[in-house]
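Read through the structure below, which is laid out as structure tokens, and then see the notes.
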Amino acid sequence: MSDNSPNFSPRLVPVEALNAISSLIAEGAVFEGSFSAQQGLGLRIDGVLKGGIQVAQGGTVHIGPGGRVEQTTIEADHVLIEGRVQGTVIARQTLEITGSGTLIGDALYDAQLDVHPRAKLKGKVEYRGELDAPSPAPY
């Protein structure tokens, strides 16, 4: 796979997690079905995915600026949305929606959420972590 680094500097999702992504749905490709990956792996979507995404502990899902995910439940440690997602997103650590990103559906996160200016979010946002836990240091 060629360079999969973002075209911007993410504010919350660790760059190391993005660089560790090992699978790609390329621009112009359409994938229908469920995607799953083992511990520590990840997926970048620059094309279209219709179906669920389950990435085990340590995994990352990055929807690139031209990427679309439909009819989905995405679950991973880190989720970065630059494109369009229709469905439910479950981020076990960080969820970041950039200014070009759109989420139509529910966002559930356990640790940190970053919604950039101009991002579009239509749905419920729910923090699933411990409410009395200390907050992490600001980025």
Exercise. Side-chain contact, heavy-atom cut-off 4.5 Å: D46 with I25?
Worked result: no
Seminar exercise, completed: dist Q54:CD -> E75:CD (nearest 0.5 Å) comes out at 4.5 Å
Exercise. Under 4.5 Å between any side-chain heavy atoms of S23 and L41, yes or no?
Worked result: no
Exercise. Under 3.5 Å, is there a donor-acceptor pair between the side chain of S100 and the main chain of P65?
Worked result: no
Exercise. How far apart are the closest heavy atoms of A76 and V61, and which atoms are they?
Worked result: CB-CG2, 3.8 Å
Exercise. Would N19 and I21 satisfy side-chain contact (heavy atoms from CB on, under 4.5 Å), going step by step from the backbone distance to the final call?
Worked result: CA-CA 6 Å; N19 290 338; I21 289 175; over 6 Å; no
Exercise. L80 versus L18: any side-chain heavy-atom pair under 4.5 Å?
Worked result: yes
Problem set entry | Neighbour count >12 (heavy atoms, 6.0 Å) for atom CD, E27 | no
For this session: Decide, yes or no, whether a salt bridge links E70 with R68 under the criterion of side-chain N to carboxylate O below 4.0 Å.
Result: yes
Exercise. Looking at R92 and D110, does any basic side-chain N land under 4.0 Å from a carboxylate oxygen?
Worked result: no
Exercise. Do I104 and L121 belong together in a cluster built from hydrophobic side chains that touch within less than 4.5 Å?
Worked result: no
Problem set entry | Side-chain donor-acceptor pair present, T98, H116, cut-off under 3.5 Å | no
Exercise. Just how far is it from atom CD1 of I81 to atom CG of D114, taken to the nearest 0.5 Å?
Worked result: 12.0 Å
Exercise. Which value, rounded to the nearest 0.5 Å, describes the distance between Q86 atom CD and T72 atom OG1?
Worked result: 10.0 Å
Exercise. Can you find a heavy atom in the side chain of D77 that is under 4.5 Å from one in the side chain of T60?
Worked result: no
For this session: Please determine, by modelled atom types, if E96 and H78 share a side-chain donor-acceptor pair under 3.5 angstrom.
Result: no
Seminar exercise, completed: Sorted by chain and residue number, the side-chain contact (heavy atoms from CB on, under 4.5 Å) partners of T88 (sequence neighbours excluded) come out as T73, I90, D106, L108
For this session: Identify, with sequence neighbours excluded, every residue that meets ring pair (Phe, Tyr, Trp, His ring centres under 6.0 Å) alongside F35.
Result: none
Exercise. Do T102 and K122 touch side chain to side chain, with heavy atoms closer than 4.5 Å?
Worked result: no
Exercise. Cluster partners of V48, using ILVMFWY side-chain heavy atoms under 4.5 angstrom, listed by chain and number?
Worked result: V30
Exercise. Given the rule that I, L, V, M, F, W and Y join up when any side-chain heavy atoms are under 4.5 Å apart, are I63 and V125 in one cluster?
Worked result: yes
Exercise. With I74, which of V79, L95, L49, I45 fulfils side-chain contact (heavy atoms from CB on, under 4.5 Å)?
Worked result: V79
